[in-house]
2 protein chains.
Amino acid sequence: MNTPSIQGKESVLDELSLSVRNESATQKICPHNSNISCASCRLNELCLPIALNKTEIHQLDEIVERNRPLKKGDHLYRQNDEFRSVFAVRSGSFKSYVLSDTGQGRVTGFYLPGEIIGMDGIASKHYSNSTQSLEHSSICEIPFSQLEKLSHQLPNLQHHFFAIMGNEIAKDQQIHTLLSSYSAEERTASFLLGLSSRYARVSLSPTRFLLPMTRSDIGEYLGLTVETVSRIFTSLQKKGLIEVNNREIELTDLSALRAIIGVDTC
Amino acid sequence: MNTPSIQGKESVLDELSLSVRNESATQKICPHNSNISCASCRLNELCLPIALNKTEIHQLDEIVERNRPLKKGDHLYRQNDEFRSVFAVRSGSFKSYVLSDTGQGRVTGFYLPGEIIGMDGIASKHYSNSTQSLEHSSICEIPFSQLEKLSHQLPNLQHHFFAIMGNEIAKDQQIHTLLSSYSAEERTASFLLGLSSRYARVSLSPTRFLLPMTRSDIGEYLGLTVETVSRIFTSLQKKGLIEVNNREIELTDLSALRAIIGVDTC
DNA sequence: AGTTATTATTGATCTAGAATAAGGGCTTGC
DNA sequence: GCAAGCCCTTATTCTAGATCAATAATAACT
């Protein structure tokens, strides 16, 4: 490896590595520490409390259960578990996946701080996938029946939760298009740009971050094999669009990446 | 063609063709005729009014706009139009699609009677795709701001609309898995079985129906080319699992079709 | 009814990405 | 500190499905 390692568990964080180690960075924004209210959470402008006033946030706060942090690999819930709650990521990251008949999993989504997990279970009352922590993470659990009750009292919350679900639907349909007509390189570029803007949303660098997931996870998510993902990474690096070192990634030419997926770069 | 044509526009419908011509059949269930209330609509047990009592249905009825029927090819809305309403299919069928940069469209969804269209626009306030009628169809338009207001008054309606959106999310994630890991034959089998159960839902034959969409539409939806879809149809027919004549299709061996996608056939 | 445009089928070739194989670097646990 | 697993990369071969091409069948238009 020709750049200094930033993987050391207890390494002292300098300016550079701080901007890269997303887990630590999200800790700053929204600690694993459970003694935090929605009102004081740094994510409250992106998460469920958005558009709520102080009184309303307090009411939401009452129904949120702040569970103890999850270790890497811990499950939030498993496929077919009874649906009880949706979850807001406070720090860390998660992946959802289903097990195919052949035993191997297929990743259906990744979740970063401020994002909502578990809405696939609302209709059938059972989760349709399993969801697992990708690193040391913390979560806010929102019992759905109480969220419904509160939404009924707070039109703002109802409106916003409709919007969150609508957003999930729009996002899923974009992925549908991605998978049904884009090449491996286009899918990968789109994936990286998607992560970029999601990190930007939580005030992290949009051009330098650590991938919380394996190449295999990315492949399963994008309908590609590990080998192809690895090859595309190498090839994008050779073209000078990205810089990769294991999980560390830098997007060195955003507009060229956008050009790959056919977005006008103005 | 070696089976009697059932495509004749004004042909007198006999027992057989009645069960096959879905457009006409759905007319019986829920006519193009606009003078019908939710209370009397044959779809009210599957559509928005589900779980509402008589008074509540009447309230919903007040906000529903029953537009004049759409001809084949008519647009319900276009990509980037301002989001104002969601729509319930009363009869006929629709497809949603986005135009890729290369000009060719990619189909993101098909909608049959009793299904809800347009939820992708809720978050961004603009429709993220265009939606077009595939045949002579009729629609109920539900202005979203009024639906929100009414949902606030009727907990049942709020609950049910959360469920409808949750169902859309779960369905989209299933398609994600389908596209990222299934073969052309598996995708096609899954698509046919999906249509089958959706027709069954509106009391039409689950084994004999007319495809409202072209092979090309199916291909765009499943991430395949027209040629591949056509070849898979031919091959499934040779294996005796289906019987195809142009748009007319019969699923002659449901359990074998299920076996293709790895579902235990009990 | 006859013409044109769209839709569907079938065959022949080509290619993007899968599968297979194999080695090396990290991480984890004893 | 060493061993056992992962995880990632790279090279080689192979194949499912795309692309190209041509024709036939249907539907739509005048």
Side-chain angles (χ1 to χ4, degrees), chain A residues 1-11 71-73 95 102 104-107 134-136 179-188 210-220 222-238 242 244-249 260, chain B residues 1-11 23 71-73 95 102 104-107 132 134-136 179-188 210-220 222-238 242 244-249 260:
Chain A
M1 193 187 286
N2 46 13
T3 59
S5 167
I6 54 167
Q7 305 283 345
K9 227 183 213 156
E10 299 302 334
S11 65
K71 290 192 308 297
K72 177 172 173 174
K95 74 166 178 186
T102 69
Q104 67 167 353
R106 299 313 298 201
V107 173
L134 290 170
E135 58 191 304
H136 191 68
L179 294 179
S180 70
S181 54
Y182 284 33
S183 68
E185 189 181 51
E186 289 166 334
R187 292 180 206 190
T188 309
L210 284 186
L211 298 171
M213 71 292 283
T214 67
R215 304 283 191 274
S216 168
D217 288 336
I218 298 173
E220 287 179 21
L222 296 176
L224 304 170
T225 58
V226 208
E227 294 92 332
T228 300
V229 174
S230 181
R231 258 188 285 273
I232 301 280
F233 275 7
T234 309
S235 120
L236 289 176
Q237 181 162 36
K238 275 183 188 151
I242 66 175
V244 217
N245 271 101
N246 206 15
R247 299 291 183 89
E248 184 188 352
I249 196 153
I260 287 178
Chain B
M1 194 188 285
N2 46 12
T3 58
S5 167
I6 52 165
Q7 306 282 344
K9 230 182 211 154
E10 300 300 333
S11 66
E23 190 192 332
K71 292 192 308 295
K72 177 174 174 173
K95 73 165 178 188
T102 70
Q104 66 166 357
R106 298 312 297 200
V107 173
Q132 195 177 32
L134 291 169
E135 60 191 303
H136 191 69
L179 294 180
S180 69
S181 55
Y182 284 32
S183 71
E185 189 181 51
E186 289 167 334
R187 292 180 205 191
T188 309
L210 284 185
L211 298 171
M213 72 292 282
T214 66
R215 304 283 192 272
S216 168
D217 288 336
I218 299 173
E220 288 179 20
L222 295 177
L224 304 170
T225 58
V226 208
E227 294 92 331
T228 300
V229 173
S230 181
R231 261 187 276 270
I232 300 281
F233 276 7
T234 309
S235 119
L236 289 176
Q237 181 161 36
K238 275 183 189 151
I242 66 175
V244 218
N245 270 101
N246 206 16
R247 299 289 183 91
E248 185 189 351
I249 196 152
I260 286 179

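What you see is a predicted model; the values in this text were computed from it and never measured. All chains are named by letter (A, B, ...) in the order of the sequence lines, taking the proteins before the strands, and each is independently numbered beginning at 1.
Between the CD atom of E248(B) and the P atom of dT9(C) there is a distance of 13 Å, rounded to whole Å. In this structure, M213(A) places its CE atom 14 Å from P of dC7(D), rounding to the nearest Å. Atoms CG (N245(B)) and C1' (dT7(C)) sit 15 Å apart, rounded to a whole Å. Distance L222(B) CG to dG17(D) P: 12 Å, rounded to the nearest Å. Atom CD of E227(A) is separated from atom P of dA11(D) by 14 Å (rounded to the nearest Å). Rounded to whole angstrom, the span from the CZ atom of F233(A) across to the P atom of dT10(D) amounts to 13 Å. Note: CG (L211(B)) to C1' (dT26(D)) measures 15 Å, nearest angstrom. Rounded to whole Å, the distance from CD1 on I242(B) to C1' on dA8(C) is 14 Å.
At a threshold of 4.0 angstrom between heavy atoms, the contacts of T214(A) are confined to the sugar-phosphate backbone, with no base atom among them. Within 4.0 Å of G223(B), counting heavy atoms only, lie sugar-phosphate atoms of the nucleic acid but no base atom.
Of the candidates dT19(D), dA21(C), dT9(C), dT19(D) carries the atom nearest the R231(B) side chain, counting heavy atoms from C-beta on. Of the candidates dA19(C), dT10(C), dT10(D), dT10(C) carries the atom nearest the T234(B) side chain, counting heavy atoms from C-beta on. Of the candidate nucleotides dA27(D), dT9(C), dG17(D), dA27(D) has the atom nearest to the side chain of N246(B). Listed nucleotides dT9(D), dG17(D), dT10(C) differ in distance to A184(B); the shortest reach to its side chain belongs to dG17(D). For L224(B), the listed nucleotide lying nearest its side chain is dA18(D); candidates were dC7(D), dT9(C), dA18(D). Looking at the side chain of R215(A), the nearest of the listed nucleotides dT9(D), dA18(D), dT10(C) is dT9(D). Distance from the side chain of T225(B) is smallest for dA18(D) among the nucleotides dT10(C), dT10(D), dA18(D). Side-chain atoms of T228(B) lie closest to dA18(D) of the nucleotides dA18(D), dT9(C), dG17(C).
At a threshold of 4.5 Å between non-hydrogen side-chain atoms, the residues L224(B) and T188(B) count as touching. Contact annotation: the side chain of T228(B) never approaches that of L222(B) to less than 4.5 Å [non-hydrogen atoms, C-beta and beyond].
For R247(A) and dC8(D), the shortest distance from a side-chain N or O to OP1 or OP2 is below 4.0 Å.
Comparing E185(B) and K72(B), the nucleotide of DNA chain D nearest to each residue sits closer to the 5' end for E185(B).
With hydrogens and angles ignored, the 3.5 Å screen pairs no side-chain donor or acceptor of R247(A) with any backbone N or O of L210(A). Between the R215(A) side chain and the N246(A) main chain, a donor and an acceptor come within less than 3.5 Å of each other. In terms of modelled atom types and a separation under 3.5 Å, the side chain of E248(B) and the main chain of N245(B) share no donor-acceptor contact.
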